[in-house]
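The structure appears below as structure tokens.
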Amino acid sequence: MSKRWEILYLSQEDCVKAGGTDMKGAMKATERSFFLHGKGDFIQPGKPVIRWGGPETEETLGRIMSMPSFLGGEKYKDELVSRGLLGPVNTAGIKFIPSRPWNPTKYGLPRASAIIIIVDPDTLIPQCVMDGAIVSAMRTGAASGVAAKYLARKDAEVMGLVGASVQGRTQLAAMKCALPTLKVCKVYDINAEASQKFKEAMSEVVGMEIVPVSSAEEAFRGSDVISTATMAREAYVKPEWYNKGAFHVEISFWDTPPSALTVFDKIFVDDWYQVKHHGVDVSYRAVRDGFITEDKICGNLGEVVVGSKKGRERDEEIIFFNPIGLGIHDLSEAFRVFQSAKEKGIGRMIPLWEDPNEWLNNLKV
């Protein structure tokens, strides 16, 4: 029996060829992970974070996170397939994601990069190592899209977006997938040129009118769905900006002040344990600082996906979704791309070893 072991390596370009930028596919994979979360068929430790100071330094000095997880699905195979959610995963993986805020201006490099490892479920030896940047960006947008599917008004037409960034692009793409009725996106960025470039890049992609606006308030007012995807270091959102029936996704940390959460009829997260463990998200700080009680957190979105908790019940409800970002989303989406790459013959096989014990013959003192 051969002891040789090979790993499928997928570069960022390989991930694109394997369908990694297909938002509809990413939405299915991300909803699959929400579904399995709601069913309890997952393992997900609190993610360790390396910081050079307190949580607030993540936006100034950066951070390094690792996000291990396991997703099952075998016993829910028929329901997954009937929902169009791609089928079981039945394996584990980890995302390693470092981030430096000054990378773009100092080096012309992305602020965050990532590597994802997927293990062989039988041996638990890595079977795939892949770029994680696309997966990470796509699943973050897709999580907002899945939330909109269950929590936004079905007749939503206007989106407000603060942050004409990479994440802003995936937020808009996912919202359009979830809510085909969307017609207009009002986008605000502190860099007006970025808003204009966003319009030029995304108008045809989503088939919507994209309107750069001059303030965050203008992006909020009159919008049916709102996404804040910024590197803001202090809160700027005002509670009076929300329309009745608005749905707001906050994927960044500091845009909305904890005091503003008193305006919402319902607040959902992706995983309340993870939110508390990380200790940064505004939903956690609002509870910690006494602006709302913990029972104001209505639940995890997975509970809505599986039907054990109610999402939107009335058109006039104002609803807030505050995800921390889950490793199971990365694993589910990475597994989708990995399976596609295998089917299409994309990527390179790289040997991990020829003989796992041969190194002992080279031991030196």
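All residue numbers refer to positions in the sequence shown, counting from 1. Just so it is clear, the values below take in all heavy atoms, side chains as well, and ignore hydrogens, waters and symmetry mates.
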Original post:
Taking Phe247 as the fixed residue, which of Lys266, Met175, Glu317 is the one that meets the side-chain contact (heavy atoms from CB on, under 4.5 Å) rule?
Top reply: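 Between Phe247 and the candidates, side-chain contact (heavy atoms from CB on, under 4.5 Å) is satisfied uniquely by Met175.
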Original post:
Of Val275, Ile324, Asp289, which is the lone residue that meets side-chain contact (heavy atoms from CB on, under 4.5 Å) with Tyr284?
Top reply: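 Checked Val275, Ile324, Asp289 against Tyr284; only one passes side-chain contact (heavy atoms from CB on, under 4.5 Å): Val275.
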Original post:
Is any NZ, NE, NH1 or NH2 atom of the basic residue among Glu58 and Arg63 found under 4.0 Å from an Asp or Glu carboxylate oxygen of the other?
Top reply: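 Yes, charged N to carboxylate O under 4.0 Å.
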Original post:
Should the pair Glu240-Lys238 be classified as a salt bridge under the 4.0 Å nitrogen-to-oxygen rule?
Top reply: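 Lys238 and Glu240: not salt-bridged.
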Review item, side-chain donor-acceptor pairs of residues 18-26, under 3.5 Å, at least two apart:
unit_1	atom_1	unit_2	atom_2	d
Asp22	OD1	Lys24	N	3.3
Asp22	OD2	Gly25	N	3.4

Below 3.5 Å, can you tabulate the donor-acceptor pairs from side chains in residues 70-87 to any protein atom, sequence neighbours excluded?
unit_1	atom_1	unit_2	atom_2	d
Glu74	OE1	Asn90	ND2	2.8
Ser82	OG	Asp78	O	3.3
Ser82	OG	Glu79	O	2.9
Arg83	NH1	Val305	O	3.3
Arg83	NH2	Val305	O	3.0

Name every donor-acceptor pair, under 3.5 Å, that has one atom in a side chain of residues 196-206 and the other anywhere in the protein, sequence neighbours excluded.
unit_1	atom_1	unit_2	atom_2	d
Lys197	NZ	Glu193	OE2	3.3
Ser203	OG	Lys199	O	2.6

Original post:
Is Pro257 close to Val237 at the side-chain level, that is, under 4.5 Å between some pair of heavy atoms?
Top reply: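 Sidechains of Pro257 and Val237: in contact.
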Original post:
Should side-chain heavy atoms under 4.5 Å link Ile, Leu, Val, Met, Phe, Trp and Tyr, which residues sit in the same cluster as Val365?
Top reply: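 Members besides Val365: none; it forms no cluster.
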Subject >> Atom of Tyr9, atom of Asp14 and distance for their closest heavy-atom approach >> reply: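 Tyr9 and Asp14 have their closest heavy atoms at O-OD2, 3.7 Å.
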Original post:
Taking atom types as modelled and ignoring hydrogens, do the side chains of Asn322 and Ser283 form a donor-acceptor contact shorter than 3.5 angstrom?
Top reply: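 Distance-only check passes for Asn322 and Ser283.
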Original post:
For Phe253, which residues count as a ring pair (Phe, Tyr, Trp, His ring centres under 6.0 Å) partner, sequence neighbours excluded?
Top reply: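 Ring pair (Phe, Tyr, Trp, His ring centres under 6.0 Å) check on Phe253 returns His278.
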Original post:
Among all residues two or more places apart in sequence or in another chain, which pass the ring pair (Phe, Tyr, Trp, His ring centres under 6.0 Å) test with His37?
Top reply: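 Partners of His37 under the ring pair (Phe, Tyr, Trp, His ring centres under 6.0 Å) test: Phe42.
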Subject >> Atom pair CD (Glu31) and NZ (Lys149), whose distance is rounded to the nearest 0.5 Å >> reply: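 Going from the CD atom of Glu31 to the NZ atom of Lys149 covers 3.5 Å.
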Subject >> Residue of the set Glu250, Gln171, Gln167 for which side chain to side chain donor-acceptor pair (under 3.5 Å) holds with Thr228 >> reply: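 The single option meeting the side chain to side chain donor-acceptor pair (under 3.5 Å) with Thr228 is Glu250.
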